[in-house]
Amino acid sequence: MIKVVKFGGTSLASAKQFEKVLKIIQKDEGRTLVVPSAPGRRTPNDRKVTDMLYNCHALALSGQGFAEELSNIKSRFDDIISGLGLHLSLDEEFEKIKNKLDECGDSDYTASRGEYLNGLILAAYLEFPFLDAKDLVIFNDNKELEVDETNHRLKEALRRNQKAVIPGFYGAKRNGEIVTFSRGGSDITGSLIAKAVNADMYENWTDVSGFLIADPAVVNNPKSIDVLTYRELRELSYMGAGVLHEASIFPVRKEGIPINIRNTNSPDDKGTLIVESTCRQPRFTITGIAGKRDFASITIEKAMMNSEIGFCKRVLEVFEDNHISIEHMPSGIDTMTIFVHKDEFEENEQKVIAGIHRAVSPDMVELESDLALVAVVGRGMKSTRGTSGRIFSALAHANVNVKMIDQGSSELNIIIGVRNNDFETAIRAIYDIFVSTQI
Ligand code: ASP
């Protein structure tokens with residue numbers, strides 16, 4: 001049984017957390033390939049080392065002194081090293097980082113050092129070989145991941161090393177120049193490694209016991225999700241449910257490798273298991289609720305729109321030409337509405353409206369902003385009658401006006417557009433009707 005284990009920033013934020021990680025690894029012989037993040041927050045008001053590194057880089061760029069910030073970062077690592085009783089000096093490493101900062105190069109190198117240094121410490125502590133991700137995770141000149149080359153290099157390296165610590169979040173171009181993934185990208189590194197070694201499981205250790213049915217900032221103490229399919233996860237994370245980096249799903253999903261989200265601070269909890277498919281029915285009709293605020297809608301009305309061939313295409317081209325991505329597109333016989341992110345749209349608003357007028361000569365174009373989208377997701381909805389009825393009566397009871405309804409043809413999700421200021425009420429009402437009242 002090979003398990004790739006990725007530990008997030010809070011799991012490796014202090015010596016005490018490293019000790020928990022050691023126990024977790026020792027408990028299961030399969031946990032042989034370890035991917036660390038940079039040290040995260042130790043307390044809610046603490047700073048993440050990656051944020052501090054980006055700050056250092058910004059200070060260097062603007063010509064301000066970065067020495068103090070760099071020394072704060074070094075202290076974070078030195079505290080971990082001394083707390084673990086290791087004999088390891090990072091002086092030379094910090095000298096190199098300082099020199100690079102003096103040259104004011106790309107921020108990717110500086111940002112990547114959090115994972116790199118935490119990886120060195122973790123490898124020394126676990127007594128595992130350290131493999132630098134710069135030789136294994138390869139990007140092209142446009143900073144796009146070279147999937148095949150990366151897979152090949154990881155396979156080769158991990159054939160030679162059954163145990164290893166490989167830092168997350170970064171890789172390099174073929175010329176050695178460091179490139180990072182987007183924030184939270186250590187999840188992607190773990191997933192790439194799991195794919196390369198055909199792992200039996202990708203364990204992603206964090207500070208929560210898996211995915212929750214709803215955002216705990218909105219719903220008080222929401223229940224967790226035991227089993228989630230990749231498709232459900234995709235819908236939920238697209239709509240803002242955090243925990244895993246969106247792009248980390250694809251490598252393992254293709255190979256049918258399950259992901260298990262686990263809690264370093266509560267290692268006996270089973271967490272959430274993410275699988276390709278399952279015959280296990282979810283505990284409740286719905287699996288999860290997620291949502292995002294700040295959308296705008298553009299409603300286009302034109303008599304006989306339905307018989308005008310190419311109408312939609314011409315409208316969509318206007319959005320494409322203005323580099324605006326479309327979120328949802330409910331339509332009627334003579335109307336179509338397009339939901340877009342407000343920030344993206346605002347900049348080019350007038351250009352888009354003029355473009356639509358030129359492209360399709362509508363009878364009317366109406367704009368609305370301050371809209372939120374709420375996605376109710378669940379594989380159990382398909383086999384349960386009356387789900388949407390229950391959602392809408394719950395919303396009506398909570399006095400929430402529904403602006404848009406979009407049910408995917410897979411019946412895996414129902415997306416509801418509401419006003420921004422009804423967002424939380426809507427989520428709570430849906431949670432209550434499907435979860436609180438069913439316990
Ligand atoms: N340390 C990086 C970040 O804070 C990457 C990661 O933790 O996955 O975004």
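Atoms within a ligand are numbered from 1 in the order they appear, just like the ligands themselves. Along the sequence shown, the residues carry numbers beginning at 1.
In this structure, Gly9 has no heavy atom closer than 4.0 Å to ligand 1. The shortest separation from a heavy atom of His245 to ligand 1 is not under 4.0 Å, leaving the residue out of contact.
Classification of the Tyr116-Tyr170 ring pair by plane angle, with boundaries at 30° and 60°, yields perpendicular.
Every residue meeting the salt bridge (charged side-chain N to carboxylate O under 4.0 Å, His left out) condition with Arg47, not counting sequence neighbours, appears here in chain and number order: Glu69. Under the rule for a ring pair (Phe, Tyr, Trp, His ring centres under 6.0 Å), Phe434 has no partner lying at least two apart in sequence or in another chain.
Atoms of ligand 1 lying under 4.0 Å from at least one heavy atom of Arg183, given by number and element, are 3 (C), 4 (O), 9 (O). Atoms of ligand 1 found under 4.0 Å from any heavy atom of Ser186 (numbered from 1 in listed order, with element): 5 (C), 6 (C), 7 (O), 8 (O). Close approach to Gly184 involves these atoms of ligand 1, each under 4.0 Å from a residue heavy atom: 3 (C), 5 (C), 6 (C), 8 (O), 9 (O). Near Ser37, with a cut-off below 4.0 Å to any heavy atom, the atoms of ligand 1 are 6 (C), 7 (O), 8 (O).
Looking from atom 5 (C) of ligand 1 to the surrounding protein, the closest heavy atom is Glu115 OE2, 3.3 Å.
Atom CD1 of Ile166 sits about 11.0 Å away from atom CG of Asp135, to the nearest 0.5 Å.
Applying side chain to side chain contact (heavy atoms under 4.5 Å, CB included) to Leu101 and the options Leu59, Thr110, Leu53 leaves one that passes, Thr110.
Both cation-pi conditions hold for Lys100 and Tyr109: the charged atom is under 6.0 angstrom from the six-membered ring centre and inside a 45 degree cone around its axis.
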